Every structure is written in C-alpha cells, then in structure tokens.
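Note that this is a predicted model, so its numbers are computed, not measured.
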Amino acid sequence: MATAASETTESPATLDLQLVDKTFKRLNKLYRLCTDPRLGLRNSPPNLPELVSNTSVMLMEIWDPYRNPDIRQPRGEEARYLRIHIRNLLDKTERALQLFKEGQDQIFDESSSCRSNLTKLTLLFSHMLWELKAMFPEGYFQGETYRLTKKEADEFWRKSFGIKCIVPWSSFEDQLRKVHALEKGMEAIALKSTIDLTCNNYVSVFEFDTFTRLFQPFKSLIKNWNQLAVTHPGYMAFLTYDQVTDRLENYLHKPGSYIFRLSCTRMGQWAIGHVTPEGDIVQTIPENTPLFQALIQGFNEGCYVYPDGEDVNPDLTSHREAAQRSKVKVTQEQYDQYNDIGSTFQLCKICSERDKDIRIEPCGHLMCQPCFSSWQHKSAGHTCPYCRCNILGKKSIHIEPYQPALQDEEDDEEEDHEDIESIVKQMEAMRTVQRSDQPRNTHRKDERRKEKRKVVL
C-alpha cells in the first residue's frame with residue numbers, strides 16, 4: 001500500500017486513474033445489487049441499472065486514452081472538471097451501496113424511506129450522466145466552448161467566469177447577486193438545491209443552462225423560480241415518471257389535478273402530469289415553451305386546474321404580460337433631462353411611486369397601470385390625461401434604464417413622447433383627482449386618531 005508521502009510524489013493523472021479504477025469497481029458492485037429481481041425496478045426512466053451501465057461505458061471511453069503515457073494527460077478545465085466529477089460520482093456510488101448495506105430487506109419495499117433515498121440517488125446518477133455527455137460529446141471535452149441556450153444567460157456566464165465550465169457555488173452565488181436580487185439564508189439554500197443538480201457544491205455551465213431554460217426569461221429568473229418552484233403547490237422535486245403517476249392516482253376523482261417536475265429524459269424541459277376527465281393520467285413535455293405559458297394554456301383548457309389536488313390555482317398571467325412587454329430604452333438626453341428635475345425617466349409622473357409599464361395608443365404617453373385604471377375610472381378615461389388624445393388602446397411595456405457604459409445611441413427603438421413641462425403642470429392636478437376619491441377614508445382615519453387620543457387621555 002502506498003504511503004501518504006509516496007502519494008504526494010505521484011502525478012495527478014496517476015492519482016486520478018486510481019480513483020477511476022476504484023469508481024469502476026464500486027459501479028460494478030452497484031450494478032449487481034440493483035439488478036436483483038427482488039427490487040422489482042420498473043423499466044422506465046430513470047432506470048438505475050441502465051444508468052450505472054451507461055456511466056461505466058462512458059467513463060471508460062473518456063479515461064482509457066489517458067492510461068497510455070504517450071497520450072497527453074487532461075489539463076486545465078478538462079482536468080479540473082474530471083476530478084470534480086469522478087469524486088462526486090464515487091461519493092454517490094458509495095452512498096447507494098450504503099443504502100443496500102444498511103437497508104437490508106427494506107430496500108425491497110417500495111414504500112420505505114430507504115427505497116425513496118435510492119430513487120433520489122438514481123436521479124442524481126441521471127443528472128451526472130447527462131452532464132458528462134454535455135461536457136464530452138462524442139468522447140471529447142467541449143466544456144470550454146459550451147454555449148448556454150439563452151443568450152442573456154450565456155453572456156452572464158462568459159462575463160463572470162470566462163471559459164470555466166464549473167465553479168464553486170460560493171463564487172457562482174456572488175456573481176449572480178450582481179444581476180439578480182437574492183436573499184441570503186434559506187432562499188439561497190433553496191436556490192442551490194434547484195441549480196446544483198448533481199449535489200456537489202459546484203455549478204457547471206450545463207447545470208446553469210438547464211436552470212435558465214426551465215425558469216426563463218433571464219431578466220426575471222429568480223422571480224420566476226420563486227413563483228414556479230418555491231411557492232407553487234404543483235412543483236415536485238426529485239420525482240420520477242412512475243412516482244408522478246402514483247401521486248396523481250390519489251386525485252382520479254378530481255379531473256384537472258396536476259403536478260410538474262423536471263424531465264429526466266430531456267434536460268432543461270418540464271414534464272407535466274394531469275388527470276383527464278376520463279380518469280386517465282397523462283404526462284406531457286411542453287417543448288420550447290416557458291412553463292407559465294403551458295400552465296396558463298392548460299388551465300384555460302381545463303387540464304391544469306388543481307395543483308396537487310388543491311382548489312386554489314396560482315395566477316401566472318403576470319408572467320405572460322411581462323414576456324409580451326415591449327422594451328423602451330432610455331436615451332442619454334432623456335436621462336439628463338429627468339436628472340435635472342430630480343426624477344427618473346421610468347418613474348410614473350402621476351403617482352411618483354411606481355415605474356411606468358403602460359403605453360397609451362396612439363399618442364405613446366407612458367404611466368403605471370394603477371394610475372391608468374384610476375384615470376379611466378374617474379374621468380370615463382376616453383382621452384389621454386396628458387394630451388387629451390382619444391385612447392384607442394394600451395400596451396404593456398418594460399423600461400430599460402439608461403446605462404452610460406452600455407447604451408448604444410442607435411438603440412432608441414421606442415420613444416417616450418412625454419413633454420416634461422406638461423407633466424410637471426399636470427402632476428398636481430392628477431393627484432388632486434386621485435385624492436378626491438379618498439375623503440371618506442381620510443375622515444375615518446381622523447376619527448380613529450381622535451378615538452386613540454381619548455384612550456390615551
């Protein structure tokens with residue numbers, strides 16, 4: 001047996017190959033155990049024996065060339081990725097073997113916690129294999145040139161990490177906070193459990209690609225994740241095709257019940273299962289469609305009505321409206337003008353509280369939705385509050401603030417037609433109109449203040 005001192009003199013490649021050989025032995029043992037007929041594993045994805053076999057084959061394809069001393073050894077990102085992957089694979093294989101050892105007869109009981117943990121590990125083996133295929137298409141390392149599907153996500157990764165294909169979670173979290181609001185503590189921990197599909201405290205470019213495809217669009221990534229995964233009762237983590245079927249069988253009496261999960265056969269896509277009016281259970285993958293769109297459409301068709309059997313179905317229409325918004329880019333001239341009067345272009349000039357998100361057609365004046373609704377309610381709202389032009393419609397918009405270092409002079413594809421002097425003159429008048437509907441509330445507040453004074457006295 002080699003001593004610690006002798007191990008330090010060995011080349012990293014030699015130590016890596018020793019780790020690979022150990023992993024092969026453990027995988028072979030796991031394959032023998034998981035092919036025991038008493039397990040009664042269903043022949044549907046993710047199938048553990050098939051995953052273990054395919055992983056062994058791919059490992060051999062990738063690592064065998066490095067056993068020849070005349071062939072270059074893995075270097076740079078390739079070496080770093082392979083070391084992280086093989087150590088994680090060995091760790092998960094050891095955990096699976098431990099379940100068989102400690103669980104004994106419980107491992108054969110589908111309803112046992114031991115069997116449930118084995119299913120979760122099966123999903124991890126599936127994610128690791130998919131990632132390995134993405135990093136080594138046709139057996140050759142492509143991690144440094146991997147491109148994320150969504151342009152904004154790819155730009156974020158390249159700007160933050162360059163050609164790196166895998167980074168520690170702590171580094172990834174620090175960079176993500178620069179572009180998305182993310183609370184420390186439980187929210188960050190929950191996000192890590194969603195992104196880190198292989199559970200190794202690292203984030204690979206493949207894992208981030210999968211996450212951004214699931215929770216697109218990128219500009220509202222964390223908000224989307226919160227609403228679709230954290231708080232939505234229909235989201236199920238670590239469930240397989242068969243487990244979805246088993247769960248929905250509890251709601252055969254309630255057509256329209258549904259749950260959704262990450263597809264384990266098409267990474268980066270969703271699988272939605274629901275109960276039909278005929279009492280059947282159907283699972284589909286809405287390809288190349290954001291989840292919120294699929295859920296809204298399914299709700300309108302009566303398919304996705306009761307998330308996990310619950311009566312209250314979350315309203316996701318705000319996602320659709322946000323995705324359909326036109327962009328309005330602030331020019332330097334507009335930025336300077338509003339700066340001079342101590343305001344910002346994107347702030348609604350009527351309430352001075354919310355950002356503009358509505359454009360009146362055809363005049364093009366902008367305001368926030370609450371102020372637009374209030375104006376229509378109080379003035380029969382047939383004309384624009386700014387120019388008195390007849391309102392023929394409205395359109396949702398999203399304003400991109402002016403950024404001196406990034407703004408392109410040719411990017412002003414949309415213009416705001418507001419006249420600043422006119423706005424300033426009419427702001428107080430509009431506020432007066434809004435306040436005119438609040439005298440009763442104000443009177444009640446005054447009465448409550450008087451009552452409090454009486455109590456104090």
Would a 4.5 Å heavy-atom cut-off, applied to side chains only, mark [X] and [Y] as touching?
X	Y	answer
Leu197	Met267	yes
Val167	Tyr202	no
Tyr31	Leu48	no
Phe299	Val305	yes
Leu182	His180	no
Met367	Arg359	no
Gln175	Phe156	yes
Arg26	Leu90	yes

Qualifying residues under salt bridge (Lys or Arg N to Asp or Glu O under 4.0 Å), relative to [X], sequence neighbours excluded:
X	value
Asp109	none
Asp209	none
Glu155	none
Glu50	none

Q.
Could you work out, with ring-ring contact (aromatic ring centres under 6.0 Å, His included) as the rule, every residue matching Phe206, not counting sequence neighbours?
A. none
Q: Could you tell me which residues satisfy ring-ring contact (aromatic ring centres under 6.0 Å, His included) with Phe161, sequence neighbours excluded, listed by chain and number?
A: Trp157
(Q) Is it the case that over 12 heavy atoms from other parts of the model lie below 6.0 angstrom from the NZ atom of Lys164? (A) no
Q. Would one find more than 12 heavy atoms of other residues, nucleotides or ligands at under 6.0 Å from atom CD of Glu301?
A. yes
Using every non-hydrogen atom in the two residues, find where [X] and [Y] come nearest and quote the distance to one decimal.
X	Y	answer
Glu77	Cys165	OE1-N, 2.8 Å
Leu89	Thr55	CD2-CG2, 3.8 Å
Pro49	Leu41	CD-CD1, 3.7 Å
Asn313	Tyr304	ND2-O, 3.6 Å
Pro46	Leu51	CB-CD1, 3.9 Å

Q | Cation-aromatic face contact Lys356/Phe345, 6.0 Å, 45 degrees | A | yes
Q. Are Lys254 and Tyr306 in a cation-pi contact, defined as NZ or CZ under 6.0 Å from the six-membered ring centre and within 45° of the axis?
A. yes
**Q.** Pairs where residues 122-132 contributes a residue and the test salt bridge (charged side-chain N to carboxylate O under 4.0 Å, His left out) is met, not counting sequence neighbours
**A.** none
Q.
Apply side chain to side chain contact (heavy atoms under 4.5 Å, CB included) to residues Ile358 and Cys368 and explain how you reach the verdict.
A. CA-CA 6 Å; Ile358 292 294; Cys368 69; over 6 Å; no
Q) Would you call Lys150 and Asp154 a salt bridge, using N to O less than 4.0 angstrom? A) no
Q. Charged N to carboxylate O below 4.0 Å: is that the case for Asp91 and Arg95?
A. yes
Q. Taking the six-membered ring for Trp, are the ring centroids of Trp169 and Phe172 within less than 6.0 Å of each other?
A. yes
Q. Are Phe292 and Trp270 close enough that their ring centers fall under 6.0 Å?
A. no
Polar contact flag, side-chain donor to acceptor under 3.5 angstrom, [X]-[Y]:
X	Y	result
Gln98	Glu94	no
Asn200	Lys92	no
Tyr258	Asp308	no
Trp225	Thr194	yes

Q) What residue among Met236, His274, Gln243 forms side chain to side chain contact (heavy atoms under 4.5 Å, CB included) with Ile259? A) Met236
Q: Provide the full list of ring-ring contact (aromatic ring centres under 6.0 Å, His included) pairs with a residue in residues 110-130, sequence neighbours left out, each pair given once.
A: none
**Q.** Evaluation steps, side chain to side chain contact (heavy atoms under 4.5 Å, CB included), between Leu191 and Val230
**A.** CA-CA 9 Å; Leu191 182 66; Val230 178; over 6 Å; no
Q: Please lay out, stage by stage, how Leu124 and Lys120 fare under the test side chain to side chain contact (heavy atoms under 4.5 Å, CB included).
A: CA-CA 7 Å; Leu124 294 184; Lys120 291 179 180 179; 5.8 Å; no
Could you pull out all residues at least two apart from [X] that satisfy side chain to side chain contact (heavy atoms under 4.5 Å, CB included)?
X	result
Phe136	Met58, Ile62, Glu78, Tyr81, Leu82, Leu132, Phe141
Gln283	Tyr241, Val244, Thr245, Arg261
Glu110	Arg42, Arg115
Ser170	Pro168

Q.
Please determine whether side chain to side chain contact (heavy atoms under 4.5 Å, CB included) holds for the pair Thr344 and Asp355, giving the CA-CA distance in whole Å, both sets of side-chain angles, and the decisive distance to 0.1 Å.
A. CA-CA 9 Å; Thr344 62; Asp355 285 351; 5.6 Å; no
